[in-house]
Amino acid sequence: DAKTTQPNSMESNEEEPVHLPCNHSTISGTDYIHWYRQLPSQGPEYVIHGLTSNVNNRMASLAIAEDRKSSTLILHRATLRDAAVYYCILRHTGTASKLTFGTGTRLQVTL
Amino acid sequence: DAGVTQSPTHLIKTRGQQVTLRCSPKSGHDTVSWYQQALGQGPQFIFQYYEEEERQRGNFPDRFSGHQFPNYSSELNVNALLLGDSALYLCASSLRSPSYNEQFFGPGTRLTVL
């Protein structure tokens, strides 16, 4: 499985944008970039995914570098409820293949 | 619509015992995956079931086994428990369809081995 690298932790103030980076220099052409987050005492939850183009949904935006070797998850206005561990995962296209989690980025949001 | 449910919530066992954890997938989902999450780590893939068969397996010993029932629910069995098996066990459900990308996770079962 291709590897991802994320900072261990980041901090943000409430209502400010947050940019969570992820490096994946060994990504293959058939790997999708997925982001999940895990709130305290809960299972992970899907945030967003993309292949080549930038993606937006109600939770976040995903910006993918032109060479696909890095990506950035953007939370437009962080709230206290966004405090979680954010995982960047490469997933092979096709059937419901496994998710390979790293250690993720722990996001702290303060008032 | 109930999401993924798991039982029990917490469990305490002693070394050498056996344990069975249960998972009901989100309505309409046909594929169940199990993950082990040690404290401070990301979840690690154990195995995945579809059509009542194990389809993919992670790097776990055969003390870890599973089953999927015709109603798509699933069990995870762990034999000869070790202290290192203490972890949060997560179940995730999805659809087998290649166009379906999202996995839904349950809240997990916290297993403590003494």
Side-chain angles (χ1 to χ4, degrees), chain A residues 1-9 20 22 24 30-53 55-60 62 64 71 73 84-107, chain B residues 3-6 9-10 21 23-26 28-51 53-60 68 72 74 87-110:
Chain A
D1 295 329
K3 186 176 166 60
T4 63
T5 304
Q6 301 177 250
N8 288 332
S9 62
L20 297 164
C22 180
H24 30 78
T30 52
D31 285 335
Y32 279 80
I33 302 160
H34 287 247
W35 284 81
Y36 279 74
R37 72 179 186 180
Q38 188 170 20
L39 280 66
S41 302
Q42 294 188 27
E45 67 172 339
Y46 168 85
V47 177
I48 200 167
H49 79 278
L51 184 62
T52 55
S53 304
V55 184
N56 300 297
N57 67 20
R58 63 173 180 81
M59 287 182 70
L62 176 59
I64 301 172
S71 61
L73 178 70
V85 179
Y86 287 78
Y87 296 99
C88 170
I89 300 165
L90 301 183
R91 187 178 185 202
H92 192 69
T93 190
T95 56
S97 56
K98 65 180 183 180
L99 296 172
T100 301
F101 289 82
T103 51
T105 296
R106 182 172 297 278
L107 175 66
Chain B
V4 178
T5 59
Q6 293 186 242
T9 307
H10 294 86
L21 311 181
C23 171
S24 290
K26 183 178 167 64
H29 283 183
D30 57 10
T31 301
V32 173
S33 301
W34 287 92
Y35 293 81
Q36 179 195 66
Q37 186 173 25
L39 209 58
Q41 302 295 315
Q44 299 299 304
F45 175 77
I46 302 174
F47 43 52
Q48 182 185 86
Y49 277 82
Y50 170 68
E51 289 187 336
E53 289 191 19
E54 184 181 297
R55 301 292 179 171
Q56 296 184 69
R57 189 178 182 93
N59 188 25
F60 279 81
Q68 186 180 35
Y72 308 119
S74 177
L88 181 68
Y89 288 85
L90 295 160
C91 168
S93 76
S94 58
L95 282 173
R96 191 68 174 174
S97 166
S99 63
Y100 194 81
N101 285 283
E102 188 174 344
Q103 290 198 14
F104 287 80
F105 284 80
T109 294
R110 171 74 61 188

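Below, all heavy atoms of this structure are taken into account, side chains as well, without hydrogens, waters or symmetry copies. Owing to the predicted nature of the structure, the values given are computational and were not obtained by experimental measurement. Throughout, a chain's letter reflects where its sequence line sits, starting with A, and its residues are numbered from 1.
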J.: Partners of B/Y49 by ring-ring contact (aromatic ring centres under 6.0 Å, His included), sequence neighbours excluded?
T.: B/F47

J.: Going from NZ on A/K98 to CZ on B/R57, what distance comes out if it is rounded to the nearest 0.5 angstrom?
T.: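 Here the interatomic distance stands at 12.0 Å.
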
J.: Provide the closest heavy-atom pair for A/L99 versus B/F45 in the form atom of the first, atom of the second, distance.
T.: O-CB, 4.2 Å

J.: Could you list the residues that satisfy salt bridge (charged side-chain N to carboxylate O under 4.0 Å, His left out) with B/R110, not counting sequence neighbours?
T.: none

J.: For A/R106, does the CZ atom have more than 12 heavy-atom neighbours from other residues, nucleotides or ligands under 6.0 Å away?
T.: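 No - once you tally the heavy atoms of other residues, nucleotides and ligands closer than 6.0 Å, there are 12 at most.
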
J.: Under the side-chain contact (heavy atoms from CB on, under 4.5 Å) criterion, do A/Q38 and B/Q37 qualify, and how do the steps go?
T.: CA-CA 12 Å; A/Q38 188 170 20; B/Q37 186 173 25; 2.8 Å; yes

J.: What's the shortest heavy-atom distance between A/P44 and B/L90, and which atoms?
T.: CD-CD1, 3.8 Å

J.: Can you tell me how far apart CD (B/Q103) and OH (A/Y46) are? Round to the nearest 0.5 Å.
T.: 12.0 Å

J.: Using heavy-atom distances under 4.5 Å, tell me whether B/P43 contacts chain A through its side chain, its backbone, both, or neither.
T.: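 Both parts, heavy atoms under 4.5 Å.
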
